[in-house]
Amino acid sequence: MSEEQLTSETMLPPSDLPNADDSAAVESSLTLQEKQPDEDNTQTAQDEPSSTNDERHWDHTSKKVVVHNVLKFIRSNEIHKLTSSWTKDTDIVIVKTKKPPKENWIKVTLKEDEMVDKFIKLINEGGEGGKAMCNARGGVMFAKRANEMDDRDTNDRKRKERDDDNGDARDIKRSHVVKILSADEVRDAITPLWRKEYKDQLDVKAKEMVNKCSKNIVKEIKRKFRTLEHEAKRGHREAIKTYTWVEAKRAISVEQPVPSPQIYEYRNKCEFTCGYRHVEVKSEESVDKDTKDEGDGETKGTTEDLKPEEVNADPESSNNETPNTIKKIPAAGFLAQGWQGGVYSPHCLQNVPDWACAIADILNEYLPTSPMAPYDSKVHRGFFRSFTIRCSLRTRECMVIVLHAPAKGGVGAKEDGSDDYSEVFEAEKERLVGMLTKAVLAVPNRDFPEGHVRAARDDGSEEIRVTSVFFQEYEGLSQPGPDHPVQHVYGKTCLEERLGQCTFQISPGAFFQTNTEGAEKLYGIIVDRIKEVTQDPKQTLLFDVCCGTGTIGLTCLKEGIVGRLVGVDIAEPAILDAKVNAEKNGFLHDDNNSADDKDSFLTRFIASPAEKVLAEEMKSIPRTTPVVAVVDPARDGLHGAVVQTLRKNEKIERLVYVSCNPTGTLVRDAAMLCAPPTKKYPGRPFKPVLAQPVDMFPLTSHCEMVMTFDRMSEEEYGKYQGNK
């Protein structure tokens, strides 16, 4: 491992940290950076005893100190030794350190506020002769409180001279200039293709699927061939020949994207982030009178004013010489420019339906008047985190899920208990539920672009009311998993949706396609691909991997193209829904997942990671049973063990891969499915025979892909083996 390490952090003991599952990344809504296994620089402090959740100190700026002019390159295992040497023979306790790569500073978090001044004095005056401590190369170090780093100290020549000994000084925190976006700019950020005609949108996505999906799959397969060729040369053996289809000019046939039946207001699910809406007001203007109590003039709720020196309005947005103040109003909506830019109303977005905007109006009426503040992900403090809304226009049902931190306070709860909402939680919960459910959802005022024409619809969309409400408490740092418990507080315990010939139950944690009419098109394509190879449908078994609520498998059963179904999914709520859905649609299912008489059931659903059960399930299938498989994984793609099992079980002649990340994980998985066999991935390879994009997300850059793979025959594969 090189000396140019990733950000190195010395953390609190494991008992003080959230579970590993809690810190798994997302994101929304975005570019992920993989962390290599050998570059995990998280260390456990040895001198700090475990503490309870109530004693956690996560992001308390008052306890943080930045030490400047340390060496830029420090091995991760040396950071704890270095900081411990500073505090040796003192009562100062460091509970956390942060050292970014190629930076000449370390941020330390101390156990108590009283230790901060002692530590600063120790660094600045604890060297020889009462001078500042020095780094290993003799450069003079200095320490400052982290919350003082906004002061630029541009005239402090001593600071510049010190930093010159070991690189340029860099500001730890820069002032943030807030730009309040216009409706068009919000649309550009969230629905970037909205300015194009729909035909042009499809053309953009078609090119994307060719250039960044199919071509990249071929490149990845060729790369694997080159690797095997080099290994064969080193081992003095004959390498397998490159597949003819890989060398073809159009190696993978990509069809034109199937258009969505509905271009506008097609979403059946919306997730609103709880944060602050930014409103620009004149500096001398006081807090809005509507948020004040008429009796004593005190401000209600959690509305905040940001002073100009803290967060300035974009100077281009005002002709005044003095920067205007940005008022922060608690609100629910979308993050169009990250957390610091605030949340924006969904009313201007053409893919969001009226019912979602109506619920946003209710939430934005409630939040400014609630004493429970929005959750701040930086300091892990506050209450309301997000609101998930699902709706079926066909059954006129609507579900609201409120994700929140514990009422007693989040992970970074203040020590004085000022953000403990235990006493008001139940009353506020009852008030919010009452506002959401008291009447049919009102028709909101929309902010569509000029010239937008809304299609006339007779689907009952103006008669929607909230039929179920759930609260979900979550103390983790990212997002809860699908199995995380929810509290049912109002109405029905699930939402019902009709799709094609089937009716489906959807629980709060279950996955369901966000475009109902588009999903019918998508599933129709899957049915056609399976029908092409099922000569004896009644005897054919469908393996539905990542089956969710069973929508794909049950649709195939209903269409009569397969005779039996085995579905596997990691989310237990989804599997429970799938079992109910099998009964709803008239199919006998094995409720106990017993292996005694597997031929007596039509459907069987298993709640487990696919990689743990797929191999065993494949072993139990009779050799004479025709098998087809459908995989519909999340954006992370298939686990390597699942790919291995699919490759190894050669009775699977056709595989239909439904991908929501065709330019990312589909490329990786397709290359592993189609590459020459290895010890890790044995079995005759697959080859892609058709790639069919489906536009499930008009106005956005996202596209679904249905890629069909057929197993190479023994005769065809034998042509490429050097020893045959």
Side-chain angles (χ1 to χ4, degrees), residues 52-60 271-277 287-306 327-333 339 342-343 359-389 399-439 466 468-477 479-480 484-491 508:
T52 63
N53 291 345
D54 294 335
E55 295 171 340
R56 291 173 177 166
H57 305 289
W58 276 92
D59 207 1
H60 292 183
E271 297 182 23
F272 297 142
T273 299
C274 186
Y276 291 94
R277 177 168 57 92
V287 178
D288 191 340
K289 294 180 180 179
D290 292 339
T291 65
K292 291 188 175 182
D293 189 312
E294 295 181 359
D296 55 15
E298 293 182 357
T299 303
K300 296 168 96 176
T302 53
T303 302
E304 298 181 19
D305 280 339
L306 297 183
K327 181 191 294 183
K328 296 202 307 180
I329 301 174
W339 281 101
V343 298
I359 291 179
D361 286 340
I362 295 173
L363 296 173
N364 290 333
E365 177 187 351
Y366 166 83
L367 289 170
T369 63
S370 174
M372 300 191 295
Y375 185 79
D376 187 335
S377 62
K378 289 185 177 180
V379 295
H380 310 297
R381 191 178 299 150
F383 185 76
F384 290 111
R385 300 181 68 147
S386 66
F387 304 91
T388 300
I389 303 102
M399 174 190 294
V400 178
I401 306 165
V402 181
L403 180 65
H404 62 88
K408 62 179 174 54
V411 172
K414 296 179 180 178
E415 294 180 348
D416 60 7
S418 59
D419 54 355
D420 186 341
Y421 306 115
S422 303
E423 294 184 0
V424 298
F425 170 58
E426 290 299 331
E428 284 297 301
K429 178 171 69 173
E430 184 177 350
R431 185 167 75 93
L432 176 57
V433 172
M435 293 177 67
L436 289 169
T437 60
K438 68 179 179 182
V466 174
S468 58
V469 180
F470 295 84
F471 273 61
Q472 187 175 36
E473 180 181 303
Y474 184 64
E475 194 176 7
L477 305 183
Q479 292 294 319
H484 196 75
V486 295
Q487 179 191 10
H488 176 242
V489 297
Y490 175 84

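Here the structure is a predicted model, which is why all the values come from computation and not from measurement. What's counted below: heavy atoms across the whole structure, side chains too, no hydrogens, waters or symmetry copies.
Across all their heavy atoms, Phe383 and Ala407 have their closest contact at CE1-CA, 3.9 Å. Minimum interatomic distance between Ile401 and Gln472 (heavy atoms only, all atoms of both residues): CG2-OE1, 4.3 Å. Scanning all heavy atoms of the two residues, the minimum distance from Pro371 to Tyr421 falls at O-CE2, 3.4 Å. Taking all atoms of both residues into account, the shortest heavy-atom contact from Pro368 to Ile329 is CG-CG2, 3.8 Å. What you find for Pro508 and Met399 is that their closest heavy atoms are CA-SD, 3.9 Å. Across all non-hydrogen atoms, the minimal contact from Ser418 to Lys414 is OG-CD, 3.0 Å.
Val402 places none of its side-chain heavy atoms less than 4.5 Å from the side chain of Lys429. A 4.5 Å side-chain heavy-atom check between Thr369 and Arg431 finds at least one atom pair inside the cut-off. In this structure, Phe384 and Ser370 have side chains that are in contact, with non-hydrogen atoms separated by less than 4.5 Å. A heavy-atom distance below 4.5 Å is found between the side chains of Tyr276 and Pro330.
Sparse packing is recorded around CD of Glu430, with 12 or fewer heavy atoms of other residues, nucleotides or ligands lying under 6.0 Å away.
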Legend entry - Steps toward side chain to side chain contact (heavy atoms under 4.5 Å, CB included) verdict (Tyr375, Cys274): CA-CA 7 Å; Tyr375 185 79; Cys274 186; over 6 Å; no
Inset, instruction - Kindly indicate, with the supporting measurements, whether the criterion side chain to side chain contact (heavy atoms under 4.5 Å, CB included) is fulfilled by Val466 and Ile359. - result: CA-CA 9 Å; Val466 174; Ile359 291 179; 4.2 Å; yes
Legend entry - Test side-chain hydrogen bond (donor to acceptor under 3.5 Å, both in side chains) applied to Glu271 and Ser386, step by step: CA-CA 7 Å; Glu271 297 182 23; Ser386 66; 5.9 Å; no
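Of the candidates Leu367, Asp419, Leu432, Val424, Val424 is the only one forming a side chain to side chain contact (heavy atoms under 4.5 Å, CB included) with Met372.
Using cut-offs of 30° and 60° on the angle between ring planes, the pair Tyr474 and His484 is perpendicular. Note: Phe470 and His488 have tilted aromatic rings, judged against thresholds of 30 and 60 degrees for the angle between ring planes. Using cut-offs of 30° and 60° on the angle between ring planes, the pair Phe471 and Phe425 is perpendicular.
One finds the CZ atom of Arg385 at 9.5 Å from the CD atom of Glu475 (value rounded to the nearest 0.5 Å).
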